[in-house]
There are 2 protein chains.
Amino acid sequence: MADKYDRLKLDNQLCFPLYACSKEVVRRYKPYLDKIGLTYTQYITMMVLWEKGEIGVKALGERLYLDSGTLSPLLKTLEKKGLLERKRDEEDERNLIVRITKKGLALRDEAVDIPLKMGACLNIDAEEAQTLYRILHKLMSDF
Amino acid sequence: MADKYDRLKLDNQLCFPLYACSKEVVRRYKPYLDKIGLTYTQYITMMVLWEKGEIGVKALGERLYLDSGTLSPLLKTLEKKGLLERKRDEEDERNLIVRITKKGLALRDEAVDIPLKMGACLNIDAEEAQTLYRILHKLMSDF
DNA sequence: CGCGATTTAATTGTGTACAATGCAATTGTA
DNA sequence: TACAATTGCATTGTACACAATTAAATCGCG
């Protein structure tokens, strides 16, 4: 019963489960992230800052695959929350540096259990998770 | 060098590559979708209509994992483009039915090559694609 | 050195996503 | 059969995403 439109069926797409799973996982983070007052995008931004302490907006965008249209307002929001500081690079005034604050660093202790809680609520075993991780990273090596 | 914050590192997340790959794949569709005047979300909506001809908004939302807040304006946009008609179910006026138009059906011929073109521009072989598909669908079975 | 090209963040405009709320139609039940 | 509960789409408000444009700072070449 193959017809020339078979490839256009939703069930035959790889993009759609990727898109649907991504949204669902973000949705499942929400209850935990609400408790610490972050959105998902703010959370991955804080992850980078927890690890690096400070970073330029350009490098941050490359790490998160986000551009300034997304990051500029988001970083201002996080500054308003007192989690980071924004300052111009004195060497080159074009660059904006974001640096984590004490309050931002303290938030890490409230976030530390989130990854385990999330893992527990996903229907995936360790081996499949690792396979998924590997394939997705291989895809990303091409971006 | 393991510390208690290791799980909070971006590189140790499964959610992040999922999120990044999903966005990147949608971004790569854009040049092809621009040619037929659809966004990605409009494209997957049309996929359902190409297959089913007509469907209620509730069932459409369940199929795409989207709610009325997303679908209501999107379906009005597609109606304005002349690709579908919106009408109330005469049996139960609460239900809105969307039905594809001739113009909407004709668009399928312009879209038919998109899945192959997309497949060609992703750095993934057939076996990995199948594994990825299987794992993501297993995840989705839980939504 | 002067000045056009490049780099970088910010802004603007469009289109999702989704929680929360509103509201009209229908259903279930006393 | 009233009427409270439920259902289903629409609306509102918030927050991304990202393309395109702008504007300021720096670079590089003649």
Side-chain angles (χ1 to χ4, degrees), chain A residues 15-16 18-31 33-34 37-46 55-62 64-81 84 86-98 143, chain B residues 15-16 18-34 37-46 55-81 84 86-98 143:
Chain A
C15 62
F16 179 64
L18 204 54
Y19 160 84
C21 286
S22 171
K23 286 191 305 161
E24 177 67 17
V25 169
V26 170
R27 198 158 35 232
R28 292 196 183 186
Y29 270 103
K30 191 170 188 302
L33 293 178
D34 279 349
L38 296 180
T39 64
Y40 179 74
T41 316
Q42 291 167 4
Y43 173 60
I44 58 175
T45 300
M46 290 307 297
I55 189 171
V57 169
K58 182 181 164 59
L60 180 62
E62 284 167 357
L64 299 178
Y65 305 97
L66 292 172
D67 71 6
S68 66
T70 302
L71 288 176
S72 284
L74 184 143
L75 293 172
K76 285 181 183 175
T77 301
L78 290 176
E79 187 181 43
K80 268 185 216 138
K81 289 179 197 285
L84 56 79
R86 295 160 68 253
K87 64 187 177 68
R88 289 286 163 179
D89 183 355
E90 291 180 6
E91 306 283 306
D92 185 340
E93 293 279 342
R94 288 173 304 185
N95 299 317
L96 185 79
I97 314 286
V98 292
F143 295 173
Chain B
C15 61
F16 178 65
L18 204 54
Y19 160 84
C21 285
S22 171
K23 286 190 306 162
E24 177 67 17
V25 168
V26 169
R27 197 158 36 230
R28 292 198 184 185
Y29 269 103
K30 190 170 188 301
Y32 305 115
L33 294 178
D34 279 349
L38 296 179
T39 64
Y40 179 74
T41 316
Q42 291 166 4
Y43 173 60
I44 59 176
T45 301
M46 290 307 298
I55 188 171
V57 168
K58 181 182 164 61
L60 180 62
E62 286 166 355
R63 186 81 177 93
L64 298 178
Y65 305 97
L66 292 172
D67 71 4
S68 67
T70 302
L71 287 176
S72 284
L74 185 143
L75 293 171
K76 285 182 182 175
T77 302
L78 290 176
E79 188 181 41
K80 268 185 216 139
K81 289 179 197 285
L84 56 79
R86 295 160 67 253
K87 63 186 178 70
R88 289 284 163 181
D89 182 355
E90 291 180 6
E91 306 283 306
D92 185 338
E93 293 280 343
R94 287 172 305 184
N95 300 318
L96 185 77
I97 314 286
V98 292
F143 295 171

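Chain naming here is simple, since letters A, B, ... match the order of the sequence lines and numbering starts at 1 in each. Keep in mind that the numbers below use all heavy atoms, side chains included, and drop hydrogens, waters and symmetry copies.
- Neither OP1 nor OP2 of D:dA17 sits under 4.0 Å from any side-chain N or O of B:Arg27.
- In this structure, CG of A:Leu66 is placed 17 Å from P of C:dT11, rounded to the nearest angstrom.
- Residue B:Asp34 contributes atom CG, which lies 15 Å from atom P of C:dT14 at whole-angstrom precision.
- In this structure, the CD atom of B:Glu91 is 15 Å from the P atom of D:dG8, given to the nearest Å.
- Side-chain proximity of B:Lys58 to the nucleotides C:dA17, C:dT26, D:dC9 is greatest for D:dC9.
- Using bins of under 30°, 30° to 60° and over 60° for the plane-to-plane angle, the ring pair A:Tyr43/A:Tyr29 lands in the tilted bin.
- Judged by distance alone with a 3.5 Å cut-off, a donor-acceptor contact links the side chain of B:Ser68 to the base of D:dA10.
- One finds no side-chain N or O of B:Thr70 lying less than 4.0 angstrom from the OP1 or OP2 phosphate oxygen of C:dA17.
- Salt-bridge formation is not detected for the pair B:Lys76/B:Glu79: no Lys NZ or Arg NE/NH1/NH2 atom is positioned less than 4.0 Å from an Asp or Glu carboxylate oxygen.
- Taking the side chain as every heavy atom from C-beta outward, A:Lys58 and A:Asn95 never approach each other to under 4.5 Å.
- Taking every side-chain heavy atom of A:Gln42 into account, D:dC16 is the closest of C:dA19, C:dT8, D:dC16.
- For B:Thr41, the side-chain atoms get nearest to C:dT16 when compared with the rest of D:dA19, D:dA15, C:dT16.
- A straight line from CG of B:Asp67 to C1' of C:dA17 spans 7 Å, rounded to a whole angstrom.
- The side chain of B:Arg86 places an N or O atom within less than 4.0 Å of a non-bridging phosphate oxygen (OP1 or OP2) of D:dA10.
- Put simply, OH on A:Tyr19 is 12 Å from P on D:dA17, counting in whole angstrom units.
- Across D:dA17, C:dA24, C:dA17, the shortest atom-to-atom separation from the side chain of A:Lys23 is found for C:dA17.
- Contact annotation: B:Thr39 does not reach the phosphate of C:dT14 (side-chain N/O to OP1 or OP2, under 4.0 Å).
- Considering only side-chain N and O atoms, B:Lys76 lies under 4.0 angstrom from the phosphate OP1 or OP2 of D:dT11.
- Where B:Glu90 and A:Asn95 each meet DNA chain C at their nearest nucleotide, the meeting point lying more 5' is that of A:Asn95.
- Heavy-atom nearest nucleotides on DNA chain C were determined for B:Tyr40 and for A:Leu71, and the one closer to the 5' end corresponds to A:Leu71.
- In this structure, of D:dA10, C:dT27, D:dC18, it is D:dA10 that holds the atom nearest to the side chain of B:Leu96.
- Summarising the geometry, the separation between CG on B:Leu33 and P on C:dT14 is reported as 19 Å, rounded to the nearest angstrom.
- Each of C:dA24, C:dA19, D:dC27 was ranked by its minimum atom distance to the side chain of A:Arg94; first place goes to D:dC27.
- Between A:Lys23 and B:Leu66, some side-chain heavy-atom pair lies under the 4.5 Å cut-off.
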Does A:Val26 form a side-chain contact (heavy atoms from CB on, under 4.5 Å) with B:Leu18? I'd like the steps, not just the answer. CA-CA 10 Å; A:Val26 170; B:Leu18 204 54; over 6 Å; no
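- Side-chain atoms of A:Arg88 come within 3.5 Å of backbone atoms of A:Arg94 as a donor-acceptor pair (strictly under, hydrogens ignored).
- In the set D:dA10, C:dA25, C:dC18, the nucleotide with an atom closest to the side chain of B:Arg88 is D:dA10.
- For B:Glu79 and D:dC9, the CD to C1' distance is 14 Å, given to the nearest whole Å.
- Rounded to a whole Å, the CD1 atom of A:Ile97 is 12 Å from the P atom of C:dT8.
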